[in-house]
S.K.: 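The structure that follows is given in the form of structure tokens.
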Amino acid sequence: MVTYLLISINIFYFIFMIMMGVDLINPSAYSIHYFGANFGPDIIKGEYWRLLTSNYIHIGLMHLLFNMWCLHSIGLELEELIGSKFFFFVYTLSGISGSICSCFINYNSIGAGASGAVFGISGALLIMVYYLNQTSNSNIQYNYSPLLFFIMYNTFFGFVVPGIDNAAHIGGLIIGMFSGLIIGKLYLK
């Protein structure tokens, strides 16, 4: 399953960074920048790869653990529903879109983490299950209230707590919801 592969890549890269001297709990902005974090001036200069690599870098152990828990919980459900190929596409596109939004809204801030991608798969799952619940030929009745609460709570939390990159969250969420709408219309007829 792609969900487990993505979790493994995130953990492996985190361990690699720690082995290279990055602080386990509170890494410096310099250290995460060195390993590929998102930073507007660098993106504008042509370091576009940061739009992807920043999704696999985490700002300390708690950041990694929370994002991997969310990726595991939401990812397994969405991947089972739409398949590994579509899941990987939604995850990656949402992460890159979140990085692009962060790059322009938080231009001079260094950003990292899988949360843009996690918000994207959350949005895709929300739209997919809503679509399934509305489809008359579907036997699935999914309670999407906890997922909606997760999205709303964490978006609110991102606005009131300094240092949280809500631009990446919202950018990933919008692209994830749009992807879920397209996949739902095309794939789940």
Side-chain angles (χ1 to χ4, degrees), residues 1-40 42 49-79 87-88 90-92 94-103 105-126 146-176:
M1 294 197 98
V2 171
T3 301
Y4 290 119
L5 176 63
L6 292 169
I7 291 170
S8 298
I9 293 169
N10 276 279
I11 292 171
F12 173 78
Y13 200 58
F14 185 76
I15 291 170
F16 173 72
M17 289 172 52
I18 300 308
M19 290 172 50
M20 297 303 291
V22 174
D23 189 277
L24 175 72
I25 304 300
N26 191 22
S28 68
Y30 171 80
S31 66
I32 62 169
H33 177 264
Y34 178 80
F35 283 97
N38 195 10
F39 186 55
D42 290 339
W49 51 271
R50 290 181 180 276
L51 297 172
L52 178 64
T53 58
S54 61
N55 293 287
Y56 294 93
I57 296 171
H58 288 84
I59 307 169
L61 182 61
M62 293 309 294
H63 189 218
L64 174 75
L65 292 176
F66 181 73
N67 277 336
M68 294 306 99
W69 172 65
C70 293
L71 173 54
H72 180 266
S73 301
I74 299 163
L76 289 177
E77 286 190 60
L78 183 61
E79 186 175 0
F87 173 74
F88 182 74
V90 171
Y91 181 88
T92 303
S94 297
I96 290 171
S97 300
S99 294
I100 291 169
C101 287
S102 177
C103 171
I105 293 174
N106 301 314
Y107 183 75
N108 287 314
S109 297
I110 293 174
S115 53
V118 168
F119 266 77
I121 62 173
S122 300
L125 182 59
L126 181 67
L147 187 59
L148 189 58
F149 177 78
F150 166 81
I151 293 168
M152 292 171 49
Y153 175 80
N154 283 294
T155 302
F156 173 77
F157 193 71
F159 281 119
V160 297
V161 175
I164 294 179
D165 192 353
N166 242 6
H169 294 174
I170 294 169
L173 178 66
I174 290 169
I175 293 302

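For this chain, numbers begin at 1 and follow the sequence in order.
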S.K.: Using only atom types and a distance under 3.5 Å, with no angle test, would you say the side chain of Tyr91 pairs donor to acceptor with the backbone of Thr3?
M.R.: no

S.K.: Starting at CD1 of Ile57, measure out to CZ of Phe14 and round the result to the nearest 0.5 Å.
M.R.: 11.5 Å

S.K.: What is the distance from atom CG of Asp165 to atom CD1 of Ile110, rounded to the nearest 0.5 Å?
M.R.: 12.0 Å

S.K.: Side chains of residues 18-27: which donor-acceptor pairs under 3.5 Å do they make with residues two or more places apart or in other chains?
M.R.:
{"unit_1": "Asp23", "atom_1": "OD1", "unit_2": "Ile25", "atom_2": "N", "d": "2.9"}
{"unit_1": "Asp23", "atom_1": "OD1", "unit_2": "Asn26", "atom_2": "N", "d": "2.6"}

S.K.: Quick check: do Thr53 and Phe35 have side-chain heavy atoms less than 4.5 Å from each other?
M.R.: no

S.K.: Applying ring-ring contact (aromatic ring centres under 6.0 Å, His included), name anything that partners Tyr153, two or more places apart in sequence or on another chain.
M.R.: Phe149, Phe157

S.K.: List in chain and number order the residues that pass ring-ring contact (aromatic ring centres under 6.0 Å, His included) with Phe88, two or more places apart in sequence or in another chain; answer none if no residue qualifies.
M.R.: none

S.K.: Strictly distance-based, threshold 3.5 Å: is any side-chain N or O of Asn38 a donor or acceptor partner for the main-chain N or O of Ser99?
M.R.: yes

S.K.: Just how far is it from atom CG of Asn10 to atom CD1 of Ile15, taken to the nearest 0.5 Å?
M.R.: 11.0 Å

S.K.: Closest heavy-atom contact between Ala114 and Asn67?
M.R.: N-ND2, 3.5 Å

S.K.: Do the two ring centres, one from His169 and one from Phe119, sit under 6.0 Å apart?
M.R.: yes

S.K.: Over all heavy atoms of both residues, which pair between Ala112 and His63 is shortest? Give the atoms and the distance, please.
M.R.: O-CE1, 3.3 Å

S.K.: Who passes ring-ring contact (aromatic ring centres under 6.0 Å, His included) against Tyr4, sequence neighbours left out?
M.R.: His72

S.K.: Taking atom CD1 of Ile96 and atom CH2 of Trp49, what is their separation to the nearest 0.5 Å?
M.R.: 13.5 Å

S.K.: Which value, rounded to the nearest 0.5 Å, describes the distance between Leu65 atom CG and Cys70 atom SG?
M.R.: 11.0 Å

S.K.: Which is it for Val118 and Phe150 under the side-chain contact (heavy atoms from CB on, under 4.5 Å) test, yes or no, and what are the steps along the way?
M.R.: CA-CA 11 Å; Val118 168; Phe150 166 81; 4.3 Å; yes

S.K.: Can you tell me how far apart OG (Ser122) and CG (Asn154) are? Round to the nearest 0.5 Å.
M.R.: 8.5 Å

S.K.: Does the pair Ile105 and Asn166 meet the rule for a side-chain contact (heavy atoms from CB on, under 4.5 Å), with working shown?
M.R.: CA-CA 10 Å; Ile105 293 174; Asn166 242 6; over 6 Å; no

S.K.: Taking all non-hydrogen atoms of both residues, which atom of Val90 and which atom of Ala124 are closest, and how far apart?
M.R.: CG1-CB, 3.8 Å

S.K.: side-chain contact (heavy atoms from CB on, under 4.5 Å) for Tyr13 and Met17? Distances and angles first, verdict last.
M.R.: CA-CA 6 Å; Tyr13 200 58; Met17 289 172 52; 3.8 Å; yes

S.K.: For Ser102 and Gly98, indicate whether the former's side chain and the latter's backbone hold a donor-acceptor pair under 3.5 Å.
M.R.: no

S.K.: Identify the two heavy atoms, one from Cys101 and one from Ala167, that lie closest to each other, and give their separation to 0.1 Å.
M.R.: CB-O, 3.5 Å

S.K.: Would you say the side chain of Leu147 lies within less than 4.5 Å of the side chain of Glu77, judging by non-hydrogen atoms?
M.R.: no

S.K.: Any side-chain to backbone donor/acceptor pair from Asn106 onto Ser109? Under 3.5 Å, distance only.
M.R.: no

S.K.: Please lay out, stage by stage, how Leu6 and Tyr56 fare under the test side-chain contact (heavy atoms from CB on, under 4.5 Å).
M.R.: CA-CA 9 Å; Leu6 292 169; Tyr56 294 93; 3.3 Å; yes

S.K.: Can you list the residues that meet the ring-ring contact (aromatic ring centres under 6.0 Å, His included) rule with Trp69, with sequence neighbours excluded?
M.R.: Phe66

S.K.: Is the count of non-hydrogen atoms from other residues, nucleotides or ligands lying under 6.0 Å from Tyr34 atom OH greater than 12?
M.R.: no

S.K.: So for atom CE, which belongs to Met1, do other residues, nucleotides or ligands contribute more than 12 heavy atoms lying within a distance under 6.0 Å?
M.R.: yes

S.K.: Mind checking side-chain contact (heavy atoms from CB on, under 4.5 Å) for Ser28 and listing every partner two or more places apart, or none if nothing turns up?
M.R.: Tyr30, Ser31

